[in-house]
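Report on the following structure.
As the structure lists them, so they are numbered: ligands from 1, and atoms in each ligand from 1. Keep in mind that this is a model prediction, so the values were computed, not measured.
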Amino acid sequence: MQTVICPGSFDPVTRGHIDIIRRAAKTFEKVIVAVFVNKAKVPCFTIEERIHFLQMALADIENIEIVACEGLLADYARERNATAVVKGLRALSDFEYEFQMALTNKMLNPELETLFFSSSAENMYVSSSIVKSVASFGGNIRDFVPECIHDEIRDRLCGGGVNHES
Ligand code: PNS
C-alpha cells in the first residue's frame with residue numbers, strides 16, 4: 001500500500017489544506033494527516049481542537065488517518081513506511097521554506113520523497129495566519145475555512161487571544 005503523509009500545524013485547518021489533502025487521498029492509497037506539535041510556535045488551537053477540525057472536514061474520506069505527532073517528520077515517515085510527504089505550494093514565497101524542509105527530510109531519511117501539489121487558484125492566498133488575523137478583527141473568514149467548522153473556528157477566534165504567528 002502506498003502511504004503518504006500530509007504534515008502541518010493546521011492552526012487552524014484552511015480550505016487550502018483540505019483541498020491538498022483531498023487531492024492526495026485521490027492520488028494515493030493511504031494518507032496520514034500528521035498534526036505536529038511545534039515547540040517553537042505557540043499555537044492558537046490545542047492539538048485536540050486541530051484534530052477535531054480536520055476530522056469534521058474530512059469525515060467523508062475513508063483512506064485518511066489523522067494523528068498527532070511530535071519529533072521529526074522523517075522518523076515518523078520511516079516508522080509508518082510512508083514513501084512521500086505531500087505538501088501544497090501556494091506561491092513563490094512558499095518555495096524557499098518548503099525546499100529547505102524537503103532537502104532536510106531527504107537528508108534525514110533518503111527514502112522519503114517530497115511531492116508538491118500546486119494550490120488551487122481560489123486558495124492561493126489562504127493561510128492559517130490570514131484566518132487568525134482576519135477573525136481577530138471580526139472579519140469574515142467563511143471563504144477561508146471549511147463550512148462545517150466555520151462557526152466553531154470563528155467563535156473560538158473571536159472569543160479569545162489570537163496568536164498570528166502560524
Ligand atoms: O503548517 P506548517 O507549520 O508549515 O508545518 C510545518 C511542519 C509541521 C510540516 C514542519 O515544522 C515539520 O515537519 N515539523 C516536524 C519536525 C521536523 O521534522 N523538523 C525538521 C524538518 S524541517
Looking at T46, is its backbone amide N or carbonyl O close enough to the side chain of E49 to form a donor-acceptor pair, meaning the two atoms are under 3.5 Å apart? yes
Could you tell me, atom by atom, which parts of ligand 1 come under 4.0 Å of a heavy atom of K41? 3 (O)
Applying a 4.0 Å heavy-atom criterion (strictly less than), which segment of N105 is in contact with ligand 1: side chain, backbone, both, or neither? side chain
So which bit of Q100 gets within less than 4.0 Å of ligand 1, heavy atoms only: side chain, backbone, both or neither? neither
Using a strict 4.0 Å cut-off to heavy atoms of K87, name the atoms of ligand 1 that fall inside it. 9 (C)
Strictly distance-based, threshold 3.5 Å: is any side-chain N or O of E29 a donor or acceptor partner for the main-chain N or O of Q2? yes
Show which atoms of ligand 1 fall inside a sub-4.0 Å distance from at least one heavy-atom site of G71. 15 (C), 16 (C)
In terms of atom number and element, which parts of ligand 1 are under 4.0 angstrom from non-hydrogen atoms of M101? 10 (C), 22 (S)
Spell out, as yes or no, whether a donor-acceptor pair under 3.5 Å connects the side chain of R15 to the backbone of D143. yes
Would you say L73 has any N or O atom under 3.5 Å from an N or O of ligand 1, going by distance alone? yes
Considering Y76, F36, Y97, which one's heavy-atom position lies nearest to atom 6 (C) of ligand 1? Y97
Sequence neighbours excluded, which residues qualify as side-chain contact (heavy atoms from CB on, under 4.5 Å) partners of I5? P7, I32, A34, L73, Y76, A77, A82
Heavy atoms of Y125 and I130 approach each other most closely as O-CG1, 3.9 Å
Does ligand 1 have an atom that lies less than 4.0 angstrom from a heavy atom of C69? no
Which of these passes side chain to side chain contact (heavy atoms under 4.5 Å, CB included) with F28: T3, V4, T83? V4
Tell me the closest heavy-atom pair linking K41 and S9, and the distance in Å. NZ-OG, 4.0 Å
So if I count the atoms of ligand 1 from 1 in the order they appear, which ones are less than 4.0 Å from some heavy atom of G8? 1 (O), 5 (O), 8 (C)
